[in-house]
Amino acid sequence: MLAKKHRLTGSKDYDRVQEEGKVFQSDNFGIAYFERKDELSSRYGFVVSTKVAKDAVDRNRFKRAMSEAVRMESINLKDGYDVVFLAKTSIYKIPTSELMKEVKNSLKKAGLSK
């Protein structure tokens with residue numbers, strides 16, 4: 001689980017990323033990110049809508065998998081960003097291990113890794 005200092009909390013933070021941030025599209029999720037221009041550690045949020053997964057069990061499983069991938073990669077990630085992962089319906093088709101690899105690779109491609 002991500003430490004609290006690495007999590008986005010509150011709709012204000014999510015809204016700012018949506019309005020002012022940039023978006024990177026991956027196969028199974030999108031990454032919306034906003035550069036805060038400070039030296040604080042980056043914060044991450046995960047969104048899996050009910051359109052993507054009807055059951056809360058599945059939504060939480062996808063969020064946990066993406067969160068764990070970010071936690072494992074956190075040493076290599078740049079500071080000063082707010083990042084939101086937005087799941088797509090295709091996320092159902094891949095195993096958790098593949099999802100975690102895709103998160104790691106997508107963070108590199110989006111320029112959020114050192």
Novice: Does K114, at its NZ atom, have more than 12 non-hydrogen atoms belonging to other residues, nucleotides or ligands within less than 6.0 Å?
Specialist: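 Yes, the 6.0 Å shell around NZ holds more than 12 heavy atoms from other groups.
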Novice: Tell me whether S90 contacts the main-chain N or O of D27 through its side chain, where contact means a donor paired with an acceptor under 3.5 Å.
Specialist: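 Yes, the answer is positive, given that a donor and an acceptor are paired below the 3.5 Å cut-off.
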Novice: Using side chain to side chain donor-acceptor pair (under 3.5 Å) as the criterion, list what pairs up with R61, not counting sequence neighbours.
Specialist: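 Partners of R61 by the side chain to side chain donor-acceptor pair (under 3.5 Å) criterion come out as none, since no residue qualifies.
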Novice: Within a radius of less than 6.0 Å around CD of E20, do more than 12 heavy atoms belonging to other residues, nucleotides or ligands occur?
Specialist: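 More than 12 heavy atoms, drawn from other residues, nucleotides or ligands, come within 6.0 Å of this atom.
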Novice: Is the backbone N or O of Y81 less than 3.5 Å from a side-chain atom of R36, with the two atoms forming a donor-acceptor pair by type?
Specialist: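 Indeed, once roles are kept as given, a pair shorter than 3.5 Å links the two residues.
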Novice: Measure the CZ-CG distance between R16 and D82 for me, rounded to the nearest 0.5 Å.
Specialist: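 Answer for the CZ-CG pair, R16 versus D82, is 5.0 Å.
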Novice: Keeping the roles fixed (side chain from S67, backbone from R64), state whether a donor-acceptor pair exists under 3.5 Å.
Specialist: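 No.
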Novice: Are there over 12 heavy-atom neighbours, none belonging to K104, within less than 6.0 Å of that residue's NZ?
Specialist: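 No - once you tally the heavy atoms of other residues, nucleotides and ligands closer than 6.0 Å, there are 12 at most.
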Novice: Within the structure provided, determine whether V52 and R59 are in side-chain contact (heavy-atom separation under 4.5 Å).
Specialist: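 Of all side-chain heavy-atom pairs linking R59 with V52, none is under 4.5 Å.
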Novice: Counting only N and O atoms by type, is there a donor-acceptor contact under 3.5 Å from the side chain of K22 to the main-chain atoms of E35?
Specialist: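 Side chain of K22 to backbone of E35, a donor-acceptor pair under 3.5 Å: no, none is there.
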Novice: When rounded to the nearest 0.5 angstrom, what distance separates CG in L112 from CG in L107?
Specialist: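 If I round to the nearest 0.5 Å, the distance is 5.5 Å.
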Novice: State which residues pass side chain to side chain donor-acceptor pair (under 3.5 Å) with N105; sequence neighbours excluded, sorted by chain then number.
Specialist: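 Checked N105 against side chain to side chain donor-acceptor pair (under 3.5 Å); zero matches.
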Novice: Take a 6.0 Å sphere around CD1 of I75 and say whether it holds more than 12 heavy atoms from other residues, nucleotides or ligands.
Specialist: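 No, the 6.0 Å shell around CD1 holds no more than 12 heavy atoms from other groups.
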Novice: State the OG1-NZ distance between T9 and K4, to the nearest 0.5 angstrom.
Specialist: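 Going from the OG1 atom of T9 to the NZ atom of K4 covers 6.5 Å.
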Novice: What's the separation between atom CZ in F29 and atom CD in E102, rounded to the nearest 0.5 Å?
Specialist: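 Going from CZ on F29 over to CD on E102, the span is 4.5 Å.
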Novice: Give me the ring orientation class for F46 and F85: parallel if the planes are under 30° apart, tilted from 30 to 60°, perpendicular past 60°.
Specialist: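 Plane angle under 30°, so parallel.
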Novice: Between S41 (side chain) and H6 (backbone), is there a donor-acceptor pair under 3.5 Å?
Specialist: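 Such a contact is absent between S41 side chain and H6 backbone.
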Novice: Any donor and acceptor pair, going by atom type alone, linking the side chain of K88 with main-chain N or O of S26 inside 3.5 Å?
Specialist: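 Yes, K88 side chain to S26 backbone: donor-acceptor pair under 3.5 Å.
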Novice: Hey, does the side chain of R7 reach the backbone of R43 with a donor-acceptor pair shorter than 3.5 angstrom?
Specialist: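 No; judged by distance alone, with no hydrogens or angles, the pair does not exist.
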